[in-house]
Amino acid sequence: MRGTFQRWLFLFLAVSFAALFLLTFYIQTREAYSDAEHLIQLRLEDVQKQIRISENAARTILNVYNASVASDVRTVAYFLERCPAYATNSFLLEELRENTGYDEIHVINEHGIIENSAVNPVLGSPEKFLGFNMRLHAQSEPFLEGLKKKDFVLVQPPLPRGIDHKLFLYSGASRKDAPGLVQLGASVDFLEDSLENSRLAQLSPSLRVGTNGEILICKGEKIIGAARTDYEGRTLTSIGLRQDLISAFLQGDGAFDETIEGISFYGLYMQTTGLTLIGVMPKYEITQKRNGMVLLLIATCLFMILVVFVAVSKLVQKIVIDGIDRINVSLGKITAGNLEEKVEERGSQEFDDLSNGINTMVDALKGAIAAEKTRLNSELDFARAVQASALPQLHSDSRYEIFASMEPAKEVGGDFYDFFQLDSSRLAFLIADVSGKGIPAAMFMMKAKAQLKSSLLANKGRTLDQIIAEVNDSVCEGNDACMFVTVFAGVLNMDTGLVVYVNAGHNAPVLRKCDGGASWLPVDNGFVIGGMDGVSYERQTVLLKKGDGLLLYTDGVTEAMNKTHALYGDDRLISLMDGPIMRSAPADCVLNEIKDDVKNYVDGAPQSDDITMLFLRYLG
């Protein structure tokens, strides 16, 4: 009964709230847009009136400008009367043009022919005007009256000039020094700009609508006035308006909705004296008052719903939710790995059953994990034994002795070494370090080891550097895991002591002389195997004397870290090998000395990398 009542009450409140919300939203939206349209219309009409006032002022400016031009052309005519050399000398006439500030000065003889000109270099060359007959074009013909009248002065409105049809404002006066005319010409671009700027300067304060709306004044598609100065000079297309909407702007009056630079606007547009006025307001500003009313309505309804449901919510919280939260806390600990956690929520029969079920499931999971761990450890022990059996350890001959060892950082390692006789007089030996650790590195190690050994045994007349290059190409094939291995490989001639070796990105071995100390064997830092195919390697040689030895090792030795994360280092290794005990110690003793020194250095810190070493002593 209680549940049925709550469902019907919630349904009634929800339907009432939805109806009231929709009605209020509709009414407030209509009023908001009506107010915005009225405000925009008033601002458009205000700007239209100001444009008309500005145009009257512009006409006055133009009349004043024409009077000034008439005065200037008379002055130039009187100047030529006093300084007639300026009329015939083009350089002097150009000087006069620059001083007056006009774009053109033309001196015309009694036949109406231009006999001297000075022209602004930006607009052209004076040569194209020389010899022009004023009678040949309707624009220039009215000035010929000045050939008959001594006090003739004429200022034309801007017209296409006869010589190239560019829009120019010309003025002319009869010459005082000789029969003919003097004419001044000015480009009208600057005049139009000044009139436009004057008009817009007066309008700028009136171009704001509301707080964030504005009026755009457009000439065609170009914005010539706006409250936002960054809009001026841009086109309507550049601010995101559609082309069909722009076409409508140029044809009449109307209203529109549009998104400009990511903001939704509502606006009106109208035509006035060759210009288009566009008034816009952001919709978020238009609907701001409506949104306030809607928020008030939502808050009121939510409060009513809250009062009705608060009691029920508390009851549900106490009986159900708190118990579920406590179970979730225990489940969080279990999923984090704490399988010893027990769920003990006993507030009801349902919670008793749930707690018992979870605890039973966790116990079963612990048993399964223990069984899987045992199986995995058994498999890893087997893998470790297989890997160890694949690596030789000690071998001796009357001509040499060799010993090697590997201690993986994990159950199986990525380092490896190998040594074997190629024939009765040659011994091959190598050491390598695979990128990474664990099972992936061990698998890659077995592949690389097998290819190196088979290639060295096959030989087929190839040199050691060629063999290493071929192994690199073979390892690169199908190397989707992008693993690589550093390798130092050498071949000892057991009769002569000559060692031919190739280094593929591995640590330099230590050369221990029987009659001296220890030093680093010179090596070329060749590229690692498996990193890139087509790589070539350098073959190097060293001659071992009787009793000389070579220590090959991986970076697990020199990069072993103690508890302060300090490295064992190259200096400590070379110092140890330089000691007198290493001069004649058996190969296995040499490696044991190094292992003990590394163990003492790390002082119980966990092993961070595989430690692999090989020592070869030539006995002659």
Side-chain angles (χ1 to χ4, degrees), residues 1-14 302-388 407-414 434-446 480-481 483 556 561-565 602-610:
M1 184 68 180
R2 181 181 180 88
T4 303
F5 171 76
Q6 288 178 337
R7 286 193 295 272
W8 280 105
L9 177 61
F10 177 80
L11 180 62
F12 172 76
L13 291 175
L302 288 178
F303 177 75
M304 294 172 59
I305 294 173
L306 179 63
V307 170
V308 173
F309 282 94
V310 66
V312 177
S313 298
K314 286 184 177 180
L315 185 61
V316 172
Q317 178 74 34
K318 182 178 180 180
I319 296 177
V320 180
I321 297 178
D322 288 345
I324 293 176
D325 286 343
R326 286 188 288 271
I327 291 177
N328 284 336
V329 170
S330 295
L331 287 175
K333 295 178 181 179
I334 292 171
T335 56
N338 182 9
L339 299 183
E340 301 303 322
E341 176 70 15
K342 295 292 183 180
V343 179
E344 299 293 344
E345 185 60 36
R346 308 295 179 182
S348 65
Q349 183 62 45
E350 290 78 8
F351 279 128
D352 285 346
D353 294 342
L354 180 59
S355 298
N356 293 333
I358 293 173
N359 292 334
T360 300
M361 181 185 65
V362 172
D363 290 340
L365 180 62
K366 287 196 297 184
I369 291 174
E372 180 64 19
K373 187 174 181 180
T374 301
R375 185 189 65 81
L376 182 59
N377 287 337
S378 176
E379 292 181 357
L380 288 175
D381 289 341
F382 180 74
R384 186 186 307 112
V386 170
Q387 185 181 48
E407 294 182 7
K410 294 189 176 182
E411 290 80 1
V412 288
V434 175
S435 60
K437 303 176 186 66
I439 294 177
M443 295 177 66
F444 191 78
M445 162 269 213
M446 297 299 289
D480 297 333
M483 299 185 73
M561 292 187 293
N562 59 19
K563 294 178 180 178
T564 63
H565 300 287
V602 299
D603 191 24
Q607 183 178 336
S608 60
D609 199 358
D610 301 340

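Reckoned from all heavy atoms, side chains included, excluding hydrogens, waters and symmetry mates.
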| task | Can you sort out the partners of Lys342 under side chain to side chain donor-acceptor pair (under 3.5 Å), two or more places apart, ordered by chain and number? | result | Asp363
| By side chain to side chain donor-acceptor pair (under 3.5 Å), which residues pair with Thr360, not counting sequence neighbours? | none
| said: Tell me if a side-chain donor or acceptor on Glu407 pairs with a main-chain N or O of Gln607 at a distance below 3.5 Å. | reply: no
| said: According to side-chain contact (heavy atoms from CB on, under 4.5 Å), who are the partners of Val329, at least two apart in sequence or on a separate chain? | reply: Lys333
| Separation of Ile334 CD1 from Ile358 CD1 (nearest 0.5 Å) | 6.5 Å
| field | Minimal non-hydrogen separation, Ala605 against Asn562, with atom names | value | CB-C, 3.7 Å
| message | Looking at every non-hydrogen atom in both residues, tell me the closest pair between Ser330 and Val343 and how far apart they are. | response | CB-CG2, 3.8 Å
| remark: Of all heavy-atom pairs linking Leu354 and Ile327, the shortest is CD2-CD1, 3.4 Å
